[in-house]
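Here's the structure, in structure tokens; my notes come after.
Order of listing sets the numbers, starting from 1, for every ligand and every atom in it. Note that the numbering runs from 1 along the sequence shown for the chain.
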Amino acid sequence: MVNKITVVGAGNVGATTAQRLAEKELARTVVMVDVMEGIPQGKALDQWQSAPIEGFDTRVIGTNGYEETRDSEIIVITAGIARKPGMSRDDLLNTNAGIVKQVSQHIKATSPNAILIVVSNPLDVMSYVAMKVTGFPRERVLGMAGVLDTARYRAFIAEALDVSVRDIQAMVLGGHGDTMVPLISYTSVSGIPITQLIPQAKLDAIVERTRSGGAEIVKHLKTGSAYYAPSSAAVQMCEAIVLDQNRILPCAAWLEGEYGMSGLFLGVPCKLGRRGLESIIEVELTRGERDALAKSADAVREPMGAVKL
Ligand code: APR
């Protein structure tokens with residue numbers, strides 16, 4: 001357990017993240033910050049009152065300022081506006097960039113040693129904004145996307161085969177958007193290559209559904225976007241860091257030559273431990289996967305160039 005984890009944004013993703021962090025007792029205190037008066041305070045109080053029933057001792061507090069967040073070890077950034085139907089993640093770009101910039105300035109002033117996990121979309125670009133504004137090293141700025149995309153992919157495969165989700169090993173790389181790259185060559189069911197179990201056409205359909213996994217949920221919800229699986233994914237990354245697990249998880253990380261690319265955040269296999277990003281793992285890719293990853297990188301570079309800081 002660490003002393004303090006802050007969640008910025010007490011909306012759907014933020015509040016669910018805070019609750020999951022508390023239930024897992026990953027910190028002594030979980031602080032929720034939001035610009036909406038009363039919302040973080042009310043939700044935090046409500047969550048804290050579930051503690052005697054759920055049996056956790058993590059204190060959850062809510063605030064509109066950053067004093068209470070001072071010296072957080074980990075900060076999950078979920079502040080922003082959520083996608084509406086028909087809105088692409090990139091439409092969110094400049095509104096959310098302004099929000100993440102302001103949040104990052106506060107973080108730099110109050111928690112200069114924190115590890116940041118960025119969830120606000122468009123994720124890869126918001127991670128860049130957070131790193132640029134805080135000046136934190138790449139080891140302490142990670143984006144949450146790959147764990148979520150991989151979870152969706154694993155869930156669809158488990159459903160198709162009617163087997164336990166626990167037995168599906170997979171990795172989805174690239175940007176968090178339509179160009180994400182599910183690695184079929186590294187997908188297995190308890191070590192059995194997925195291509196032996198699912199015909200190619202069905203696999204292609206699963207890959208396609210994974211790519212539009214977020215949009216499928218937005219279409220159902222109409223007034224918001226996904227938050228149960230996104231919060232689970234962010235908390236899995238926190239857990240790997242807090243417990244120094246050295247887990248290999250697909251995360252958006254700042255590339256410095258890995259996969260032949262530099263100067264952008266992109267989803268790659270990362271080793272997560274107590275220092276945050278311990279290392280990036282380079283795996284062999286097929287020509288098709290390499291091309292798809294390059295295309296995904298282009299889709300991240302474009303909005304990155306358009307962001308006003
Ligand atoms: N500081 C703190 N909180 C802020 C700020 C800010 N400057 N600006 C907005 N917020 C808060 C809002 O008040 C709101 O409570 O961020 C919260 C966002 O919550 P929701 O609208 O419920 O959105 P949510 O579904 O949680 O998604 C948040 O995560 O997955 C991504 O695409 C999603 O970018 C979106 C983010």
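- For ligand 1, none of its N or O atoms has an N or O atom of Tyr66 under 3.5 Å away.
- Distances between N or O atoms of Val13 and those of ligand 1 include at least one value under 3.5 Å.
- Among Gly14, Gly80, Ala145, Ser120, the residue whose heavy atom sits closest to atom 16 (O) of ligand 1 is Gly80.
- The closest donor-acceptor contact from the side chain of Ser50 to the backbone of Gln47 lies under 3.5 Å.
- With hydrogens and angles ignored, the 3.5 Å screen pairs a side-chain donor or acceptor of Thr78 with a backbone N or O of Val8.
- Remark: side-chain polar atoms of Tyr228 are not paired, donor with acceptor, to backbone N or O of Thr16 under 3.5 angstrom.
- Listed by first and then second residue, the salt bridge (Lys or Arg N to Asp or Glu O under 4.0 Å) pairs that reach into residues 48-69 are Glu67-Arg70, sequence neighbours excluded.
- If you check each of Leu123, Ile99, Val76 against atom 8 (N) of ligand 1, the one with the closest non-hydrogen atom is Ile99.
- Residue-ligand proximity, Met36 to ligand 1, at heavy-atom distances under 4.0 Å covers atoms 13 (O).
- In terms of modelled atom types and a separation under 3.5 Å, the side chain of Glu289 and the main chain of Thr286 share a donor-acceptor contact.
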Pair Ser72-Thr6, side-chain hydrogen bond (donor to acceptor under 3.5 Å, both in side chains): steps then yes or no: CA-CA 6 Å; Ser72 296; Thr6 287; 2.7 Å; yes
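- For the side-chain contact (heavy atoms from CB on, under 4.5 Å) test, residues two or more places apart in sequence or in another chain that qualify with Ala297 are Met261, Leu264, Leu266, Arg301.
- A heavy-atom separation below 4.0 Å is not found between Ile39 and ligand 1.
- Close approach of ligand 1 to Thr78 is summarised as follows: ligand atoms under 4.0 Å from at least one heavy atom of the residue are 28 (C), 36 (C).
- The option with the heavy atom closest to atom 3 (N) of ligand 1, from among Ser225, Ala79, Ala10, is Ala79.
- Interface atoms of ligand 1 facing Asn96, defined by a heavy-atom separation under 4.0 Å, are 34 (O).
- Counting only N and O atoms by type, the side chains of His176 and Asp124 include no donor and acceptor under 3.5 Å apart.
- Near Ile81, with a cut-off below 4.0 Å to any heavy atom, the atoms of ligand 1 are 34 (O), 35 (C).
- Taking any N or O of Tyr227, backbone or side chain, none lies under 3.5 Å from an N or O belonging to ligand 1.
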